There are 2 protein chains.
Amino acid sequence: MSSQPVARTTGDRQRDAQRTKAEILAVAQAEFARRGYAGARVDEIAALIRTTKRMIYYYFGGKEQLYVAVLEKAYREVRAAERTVDVEHLAPVEAIRTLAELTFDHHDAHQDFIKLVSIENIHHAEHLRKSKVLANLGTPVLDLISRILAAGQASGDFVTEVDAIDVHMMIGAFCFFRVANQHTFGALFGRDLTVPEHKARHRKMVGEMIVAYLRGAGDTP
Amino acid sequence: MSSQPVARTTGDRQRDAQRTKAEILAVAQAEFARRGYAGARVDEIAALIRTTKRMIYYYFGGKEQLYVAVLEKAYREVRAAERTVDVEHLAPVEAIRTLAELTFDHHDAHQDFIKLVSIENIHHAEHLRKSKVLANLGTPVLDLISRILAAGQASGDFVTEVDAIDVHMMIGAFCFFRVANQHTFGALFGRDLTVPEHKARHRKMVGEMIVAYLRGAGDTP
DNA sequence: CTAGCAATGTACGAACTAGTAAGTTAACAT
DNA sequence: ATGTTAACTTACTAGTTCGTACATTGCTAG
């Protein structure tokens, strides 16, 4: 009955729209992250794939739409990863500490995404704003933080009055910075943030930082 | 005796090398911060000044050297500002809190600089590394932090064992993030980080965060 | 087996962009 | 006063870069 073409599972076809599209997206993501929006070259992206530049225009329409598609894919993957986080079985202090450490790991593992976000901010998030997909993506982690904060306040572990967005920002800022600014930081302070000792120490630091802050230890007496 | 042309103080000369150079640098800084290195256009920079594109090549040699000159100028100004910070008359807790708040103010006041740093990181700090000026610029704030930490440990106010660079990074990460990522953050969380309420709250947050962390409140019991 | 169309390749052009050759003028030293 | 040179302008080019017109071929339904 179905008139839809059945998606074949064998991957060795010469013509495969989905594979071509996916390949373009993957290469484009690396290229945009590496060179920025203006610095990326459509011809260079085309040269790095099986197919030709024509396909980029066939499937995406143009450089800008390709860039938006890359952004959308990257954000979708991040949000999907966020949804797999499960720390609600932990006590509030351990829950927020673990969330901070998982956020740290996640940023460390997705450096291309960090770069894309940096690039998008240089452009005042104009592409992100254009995308309807990204507007309706939601931020599951915020609800999680809200619940942890409520539990921590109820138990008395957390004293500081703060909302979930600010907590998310405080954790994210630290995790983002050490990836996004590793090169200038390394050059200016002579410290390579990628070496395991620093990484492990910083991972601990985020957790301790957010717990100390939520316990209210920074208050003026 | 002197064969050097005396620098005239009247600013109304038609030809003034220093003024032209300074004007090019100022416009270029704005343009590079706005569009990124690849996105900035030499013709556009030229169009925004009194003089012509030829002068950019006359004084700086090319687009890349102009960019490096902009970077050098921006970093020099930042380091100069750092040297004016005086918090050593304060007790350790107040000293580090004040330093954090001043860092916050400084980042907030120099958003173009933040953007240039983001851009430079996208390019793996390759230009920054090339510059001999920037290699020998030093980081006066690190010594300051070291002294505050030593005083705090001596007085018993600070318990956490941490070095100055990590403290600088923790403060800087927060201050940097809210400026650098304001656009994607605003679009995704519906929160405009530039509105005074948020800004004032975040300014307090940095101070409380670093004090709480240094007091060792995040330690596992 | 074949018609029809999605998918793909080739070749090219219009517009842009960094950089330069060659000539001109203002300001200063003497 | 005037020669010299730094400061400046104009007009141009060679190369790049996004995008497209047009031709072609593999895949699948029936």
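First the proteins, then the strands, lettered A, B, ... as listed; each starts at 1. This is a predicted model, so every value here is computed, not measured.
At a threshold of 4.0 angstrom between heavy atoms, the contacts of B:A38 with the nucleic acid are absent.
A salt bridge does not link B:R50 with B:D16: none of the charged nitrogens is closer than 4.0 Å to a carboxylate oxygen. Between A:R129 and A:E126, no side-chain nitrogen of the basic residue sits less than 4.0 Å from a carboxylate oxygen of the acidic one, so the salt-bridge criterion is not met. Between B:E64 and B:K130 there is a salt bridge, with a side-chain nitrogen of the basic residue lying less than 4.0 Å from a carboxylate oxygen of the acidic one.
Counting only distance, with no hydrogens or angles, the side chain of B:K63 and the backbone of B:A40 share a donor-acceptor pair below 3.5 Å. With hydrogens and angles ignored, the 3.5 Å screen pairs a side-chain donor or acceptor of A:S131 with a backbone N or O of A:L134. Between the side chain of A:Q29 and the backbone N or O of A:D112, no donor-acceptor pair lies under 3.5 Å.
Between the CD1 atom of B:I56 and the C1' atom of C:dG19 there is a distance of 11 Å, rounded to whole Å. Rounded to whole Å, the distance from NZ on A:K53 to C1' on D:dG19 is 6 Å. Between B:M55 atom CE and C:dT24 atom P there is a gap of 16 Å when expressed in whole angstrom units. For the pair A:Q18 CD and D:dC27 P, the interatomic distance rounds to 16 Å; values are reported in whole Å. A straight line from CZ of B:R19 to C1' of D:dA6 spans 16 Å, rounded to a whole angstrom. Whole-Å rounding puts the A:D43 CG to D:dG15 C1' distance at 13 Å. B:R54 has its CZ atom 13 Å from the C1' atom of C:dT24, to the nearest Å.
Each of B:E101, B:E208, B:E197 was evaluated against B:R203; a single residue qualifies, B:E101, per the salt bridge (Lys or Arg N to Asp or Glu O under 4.0 Å) test.
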Taking only N/O atoms, report every protein-nucleotides 1-5 of chain D pair under 3.5 Å with atom names and distance.
none

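Contact check for A:F176 versus A:V117: side-chain heavy atoms found under the 4.5 Å cut-off. Put simply, the side chain of A:T184 reaches to within 4.5 Å of the side chain of B:Y75, judged on heavy atoms.
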side-chain hydrogen bond (donor to acceptor under 3.5 Å, both in side chains) assessment of A:H202 paired with B:D166: CA-CA 8 Å; A:H202 290 151; B:D166 283 350; 2.9 Å; yes

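Between A:Y57 and D:dG19 there is a side-chain N or O to OP1 or OP2 distance below 4.0 Å. Proximity of B:T20 to the phosphate of D:dC8: a side-chain N or O atom is located under 4.0 Å from OP1 or OP2.
Here the side chain of A:Y58 is nearest to one of C:dA6, D:dA6, C:dA22, namely C:dA6.
Sorted by residue number, the list of members of residues 21-36 of chain A with any non-hydrogen atom under 4.0 Å from DNA chain D is empty. Residues from residues 59-67 of chain B lying near DNA chain C, meaning a heavy-atom separation below 4.0 Å, are B:G62, B:K63 in numerical order.
Nearest heavy-atom pair across A:F60 and A:I24 is CE1-CG2, 3.6 Å.
With the nearest nucleotide of DNA chain C identified for both A:T51 and B:R41, A:T51 has the one nearer the 5' end.
A donor N or O paired with an acceptor N or O is found under 3.5 Å between the base of C:dT25 and the side-chain atoms of B:R15.
In this structure, B:F32 and B:Y37 have parallel ring planes: the angle between them is below the 30° cut-off, well short of the 60° mark.
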